[in-house]
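Taking it in order: structure first as structure tokens, then the write-up.
Below, chain A is the first sequence line, B the second, and so on; all start at residue 1.
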Amino acid sequence: MFGLKDDWSLKLPPRYFTLEDYDGGVARWCPGCGDHGVLMSVRRICREEQIPPEKIVNVSGIGCSSRFPHYMATYGFHSLHGRALPVACGVKSRRPDLDVWVSTGDGDNCSIGAGHWIHAMRYNMKMVVMMFDNNVYGLTKKQTSPTTEPGFKTNTHPRGAVLPALDPISAMLGMSNVSFIAQTVDWNPVHMHDTLHRAWKHPGLAFVRIMQRCPQYTGNIFEAFQDDPNSLLVMEHQDGVPVDPSLDRTFKNRIAHDPKDIHQAFDFAKRRDVIPVGLFFCDPTRPRYDQISSVGLGMSVEEKLQGLEREFDRFAL
Amino acid sequence: MTDAGSNPGAAVAPKRVRQSIVEIVSDSGEGAQKAGQSLGALSAKMGNGVWTVEIIPAEIKPPARSREGASGIRVRMGDRPVTNMGDEADMVVAFNEQVLYGRLGQGAYRPGTVLILENRWATDPDEKVRELYAKALIDFRAAGLEILELPLDEECKKHTINPRVGKNMFVLGMLCAIYTRDLDRAREEIAHIFEKKGEKVISLNHKLLEAGHAYALTAVPYRFEVPIWDAHGAKIVVNGNQAVALGMMAAGIDLVAMYPITPATSVSHQLGDSFPAVGGFLHQAEDEIAAIGFAIGASYAGRTAGTITSGPGMALKTEFIGLAVMAEIPLVVVDVQRGGPSTGLPTKVEQGDLLGTLYGAMGDAPKIVIAPATIDECFHMSILARRLAEAFRGPVFMLTDANLATGVTPIPRPVPQAEWLAPPPDQSDWDEAVPAYAWDEQTGISTRAIPGQRGGEYTLTGLAHTDHSKVAYSPEPVERGLRMRSRKLAALFKTLKPPVVHGDAEGDLLVVGWGSTLGAIEEAVDRAREEGHKVSSVHLRFLSPLEPGLGDIFKRFKKVFTVELNYSDLADDPYVPAETRRLGQMAWLLRAHTLVDIDCYTLSQGVPVPPGKVYHEILRRLGVTPTAQAAK
Ligand SMILES: Cc1ncc(C[n+]2csc(CCOP(=O)(O)OP(=O)(O)O)c2C)c(N)n1
């Protein structure tokens with residue numbers, strides 16, 4: 001038509017998004033809080049992928065880390081303590097076009113929200129779930145969290161936490177229909193960024209545990225690991241988190257790990273001498289509930305009215 | 001005693017009655033409910049008003065012949081629309097005598113109720129059974145029941161080798177004879193019920209139906225005729241929960257998230273089955289908290305969403321309800337009320353969640369609460385609820401109850417309207433100058449931005465927030481938010497009309513009710529009015545905000561009292577000082593709202609209020625003793 005070649009694009013110039021387009025303002029976390037770094041990473045990934053801000057929904061629970069959505073210039077939902085996942089799943093269930101990110105804390109996710117956690121993993125809806133694990137309750141001022149190591153002194157256990165810490169990675173490896181489990185640390189921003197980016201590309205629920213320090217209450221819990229770069233065990237694989245060459249010189253402790261190998265993933269998850277980082281487990285073929293829950297979305301008004309009549313027929317006298 | 005050889009049923013002239021209540025009770029699994037549903041359906045088709053309600057034991061399969069194990073159905077037929085299950089039954093067919101004890105204890109029968117009783121137990125090989133049967137006959141006679149012992153099992157054996165599965169249709173045939181029902185319609189019902197089971201099963205059941213019919217014509221000396229009121233107009237036969245499910249579908253609700261809980265669950269059964277017909281999705285969540293969270297998420301993303309539950313589920317949802325109010329998230333919440341507190345009476349009716357719904361959240365959480373009074377309204381108010389939720393940007397609560405949930409009645413067949421359906425989410429560009437909560441000063445109403453709308457980006461929060469949805473760090477926006485959310489109720493109030501008084505606009509006594517008690521209250525009021533008493537009633541559909549003009553209505557009556565299915569201390573309880581007496585929930589609310597000295601009559605036994613009880617309460621309050629005729 002009109003002599004145009006049909007591969008000519010008549011689209012308007014695409015919008016180009018800069019970091020500012022995702023910037024929701026100055027974050028009010030404490031200086032030195034690991035949350036700042038995560039925020040920068042997520043903004044950068046959004047820019048790298050050029051995701052329209054209006055298509056992004058950041059969902060969170062309650063906690064310091066759950067303030068995250070307020071600092072993104074996207075849509076956001078700062079929900080209830082422990083309840084980010086049901087809300088995020090609800091958002092995704094009937095709006096598959098939206099790009100959903102979840103921010104949650106170790107208390108938020110592994111304690112009050114633990115029930116939802118198991119089920120959200122099983123629903124496996126496409127979204128990135130970032131668990132900011134600072135081993136403590138930050139917002140409510142230093143109470144024991146499920147991931148607090150035994151002996152660590154908190155305000156609720158001033159003589160030291162009494163129970164073995166909950167191990168979220170092992171727990172998730174045992175959950176049905178999980179499809180993506182990764183771990184990273186806030187003191188290695190490059191790896192953290194690459195892990196989150198890899199998570200975003202995963203077709204399902206991608207869970208990333210971010211080991212992160214609370215400068216106020218747990219500022220030095222990872223000191224030994226920070227001092228010795230070899231204490232990070234970097235898992236490598238072509239399907240895993242790509243390891244940036246800039247890390248080659250410092251982080252030399254590498255191990256090959258196929259993220260399909262769930263048994264080896266368990267072995268690594270149990271290690272306490274090192275912190276394994278990268279992709280523990282990934283199976284992009286797992287069923288996704290968002291593909292089930294979004295059926296019927298395109299139905300027209302006429303079809304709906306006819307559908308109603310058919311249903312009434314079933315009850316007709 | 002009657003035996004099959006004699007012929008007491010021949011040539012009995014039918015007696016015309018305006019209404020009749022019949023029950024069929026048995027052990028569970030004997031098909032009594034199927035027989036009763038068929039009787040109800042064919043009576044409705046003939047043009048009677050009908051209300052059926054299943055009698056369900058607490059356990060799924062209680063031991064056979066146990067006193068509290070009655071499984072069955074009550075069918076009330078009338079010469080006008082029937083709106084409730086009525087008072088004591090006129091007739092009961094029982095497959096064994098033990099299950100009658102429980103029903104008798106619940107006041108289901110009166111002196112003169114005709115009992116058609118399976119008599120095979122009289123000759124049971126087990127001596128214990130024979131003794132129990134003989135003892136029961138004495139007890140039931142003492143209770144005034146007119147007993148007709150019949151060998152139902154033996155009669156069925158003439159036509160089928162397994163009377164346990166066929167007796168119900170034999171009994172249906174008998175009831176067709178007794179109530180002069182159209183046998184052809186009964187045949188149609190049977191063909192419909194057993195459609196999937198094939199010709200052979202249908203013809204066997206037709207044979208049993210006809211045999212039961214012929215048998216009753218000779219063996220049963222009762223014949224009734226209930227005149228028809230309306231054989232015209234398309235109707236559907238539904239219970240209240242099915243009506244809610246269909247209403248939510250007709251409202252264009254896109255997603256319902258729930259967790260199974262009696263008596264709300266059957267709404268989700270219906271949706272699970274029917275929702276795909278309109279492209280909707282039913283999500284069974286991991287618990288009630290997740291269910292409402294999921295629905296809220298979907299609503300935030302621009303889809304109309306709802307959740308359904310009962311009391312304990314409401315308790316779990318409370319925190320999210322507060323969020324939905326605070327962040328102004330449209331949502332339909334249906335609470336099919338059951339007996340409380342705690343697990344309470346899972347299958348039984350109560351109107352105990354009124355104040356909990358209104359006030360059971362942290363802080364000041366104004367919300368819209370409505371209550372359908374009939375099964376028809378269960379359908380239409382679901383549509384209303386959805387529209388209110390959108391228009392007033394917040395959660396809307398619809399309180400039904402176990403009585404509406406399980407009552408089955410014909411209602412006019414709705415004609416689906418395109419404008420009932422919710423529009424798809426707005427994805428046009430948002431004017432960036434408009435904040436997330438551009439509260440209208442007069443109404444508190446604002447329009448919301450939906451994810452996908454360019455320029456509307458905001459972060460919804462349950463924290464006190466400014467109109468830009470920013471966390472409020474100073475006192476002023478905190479109070480402003482509270483005021484704006486409260487103002488929405490005032491705005492809605494201004495659009496409502498005063499409720500219509502049933503009866504004269506002034507008089508000696510006014511009965512106030514809400515929800516499923518409508519039918520019983522109006523029936524009682526009509527009865528008292530026919531006897532010349534100056535009593536009227538008013539029934540509220542809007543509970544928050546309340547409908548306007550209540551104070552003016554109440555002033556025109558010497559006394560006002562509520563009828564409610566919830567708890568209150570007795571007025572003459574010697575252990576309860578008058579000034580601390582706890583009242584029915586609606587009474588509390590109306591007293592606070594109108595400053596009128598309103599009393600209450602409450603019933604909290606897990607049973608619907610029968611019209612007779614309301615009638616007697618009316619007379620008691622008027623200080624009259626019932627006449628002999630009225631006492632019937
Ligand atoms: C129902 C409920 N219970 C308790 C709280 C209090 N509370 C707020 S945040 C929090 C724990 C925060 O710890 P975590 O989830 O680890 O997040 P962090 O602040 O460390 O980022 C608690 C207990 C609450 N807001 N709601």
query: Between B:Glu286 and A:Tyr123, does any side-chain donor sit less than 3.5 Å from a side-chain acceptor?
result: yes
- [ ] Cation-pi check, A:Arg28 to B:Tyr473: give yes when NZ or CZ is under 6.0 Å from the six-membered ring centre and within 45° of the ring axis, no otherwise.
- [x] yes
Whatever's closer than 4.5 Å to a heavy atom in chain A on B:Ala234 counts as neither
B:Phe320 and A:Arg83 have their tightest heavy-atom pair at CZ-CB, 3.4 Å
Of all heavy-atom pairs linking B:Pro451 and A:Leu98, the shortest is CB-CD1, 3.8 Å
For this session: Check whether the side chains of A:Thr74 and B:Glu457 place a donor and an acceptor atom closer than 3.5 Å, and report yes or no.
Result: no
Whatever's closer than 4.5 Å to a heavy atom in chain A on B:Ile329 counts as side chain
Parallel, tilted or perpendicular: rings of B:His283 and A:Tyr289 (30°, 60°): tilted
The interface call for B:Ala449 against chain A, heavy-atom contacts under 4.5 Å, is both
Okay, A:Arg122 and chain B: the region with an atom under 4.5 Å from a heavy atom over there is neither
Honestly, the part of A:Arg310 sitting under 4.5 Å from a heavy atom of chain B is side chain
Review point. For A:Ala73, does its backbone N or O pair with a side-chain atom of B:Tyr458 as donor and acceptor, under 3.5 Å?
Key: no
